[in-house]
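Contents: one structure, followed by commentary.
Reckoned from all heavy atoms, side chains included, excluding hydrogens, waters and symmetry mates.
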Amino acid sequence: MEESIKGILEAIEYHIDGARKSDRSIVAKAFADDVTMSWSENGELRIVPIEALYDYGDSLGPQEVAYSLTECSATEDTAIVRIESDFSKAGKFTDMFTMVKIGDRWKIVSKIYHIKKKNEE
């Protein structure tokens, strides 16, 4: 299991490091092909291709990012992961990822998130 956690964190780090550097080629290493990103906005479900995340990161430019892994439930080849993150330009988020081990690499296959409001911080 420890090896799984290491691989899972490697994928999460691609996501975070790509945001720090505003480099979509790094962020893309974290995600499988055809991934979607979902969230609730004004009580409505929003679902977009993961490319929307890449575009948003490009629009922000480099930024400081801190995160903590708060939950990880994994089998040999699947995982559910939650992180709390703080992006200097984008704000604070709770991200939840569904992950699958593809070959010898962990990849995010879906991302849902919650934007933290000031009173949640």
Separation of Ile80 CD1 from Thr75 OG1 (nearest 0.5 Å):
9.5 Å
The side chain to side chain contact (heavy atoms under 4.5 Å, CB included) partners of Leu69 (sequence neighbours excluded) come to Leu9, Cys72, Val81, Ile83
Under the side chain to side chain contact (heavy atoms under 4.5 Å, CB included) rule, collect the residues that match up with Asp17, sequence neighbours excluded.
Arg20, Lys21, Ile26
Is it true that Ile50 and Val65 fall in one hydrophobic cluster, defined by side-chain heavy atoms closer than 4.5 Å?
yes
With rounding to the nearest 0.5 Å, note down the distance linking CD in Glu51 to CG in Asp34.
8.0 Å
Just wondering, more than 12 heavy atoms not from Glu41 lying within 6.0 Å of its CD?
yes
Can I get a per-line list of side-chain donor-acceptor pairs under 3.5 Å for residues 101-108, giving both atom names and the distance, sequence neighbours left out?
{"residue": "Arg105", "atom": "NH2", "partner": "Tyr14", "partner atom": "OH", "Å": "2.9"}
{"residue": "Lys107", "atom": "NZ", "partner": "Lys29", "partner atom": "O", "Å": "3.0"}

Side chain Ser22, main chain Gly57, donor-acceptor under 3.5 Å:
yes
Nearest 0.5 Å, what's the OG1-CD1 distance between Thr36 and Ile112?
10.0 Å
List in chain and number order the residues that pass ring-ring contact (aromatic ring centres under 6.0 Å, His included) with Phe87, two or more places apart in sequence or in another chain; answer none if no residue qualifies.
Phe93
So CE of Met99 and CZ of Phe31: to nearest 0.5 Å the spacing works out to 8.5 Å
With a 4.5 Å heavy-atom cut-off, do Met96 and Glu71 have their side chains touching?
no
Tyr67 and His15 aromatic centres sub-6.0 Å
no
If you group Ile, Leu, Val, Met, Phe, Trp and Tyr by side-chain heavy-atom gaps below 4.5 Å, do Leu53 and Val48 land in one group?
yes
Sorted by chain and number, sequence neighbours left out, salt bridge (Lys or Arg N to Asp or Glu O under 4.0 Å) with Asp58 holds for Arg24
If Ile, Leu, Val, Met, Phe, Trp and Tyr residues are connected whenever their side-chain heavy atoms lie under 4.5 Å apart, and connections chain through other members, are Tyr54 and Val109 in the same group?
no
State yes or no: do Met37 and Val27 share one hydrophobic cluster built from I, L, V, M, F, W and Y residues joined by side-chain heavy-atom distances below 4.5 Å, directly or via other members?
yes
For Tyr56, which fellow cluster members are found when Ile, Leu, Val, Met, Phe, Trp and Tyr are connected by side-chain heavy-atom distances below 4.5 angstrom, either directly or through intermediates?
Leu60
What are the two closest non-hydrogen atoms of Ala79 and Ala74, and how far apart are they?
CB-CB, 3.9 Å
CG of Asp95 to CZ of Arg82, rounded to nearest 0.5 Å, is 10.0 Å
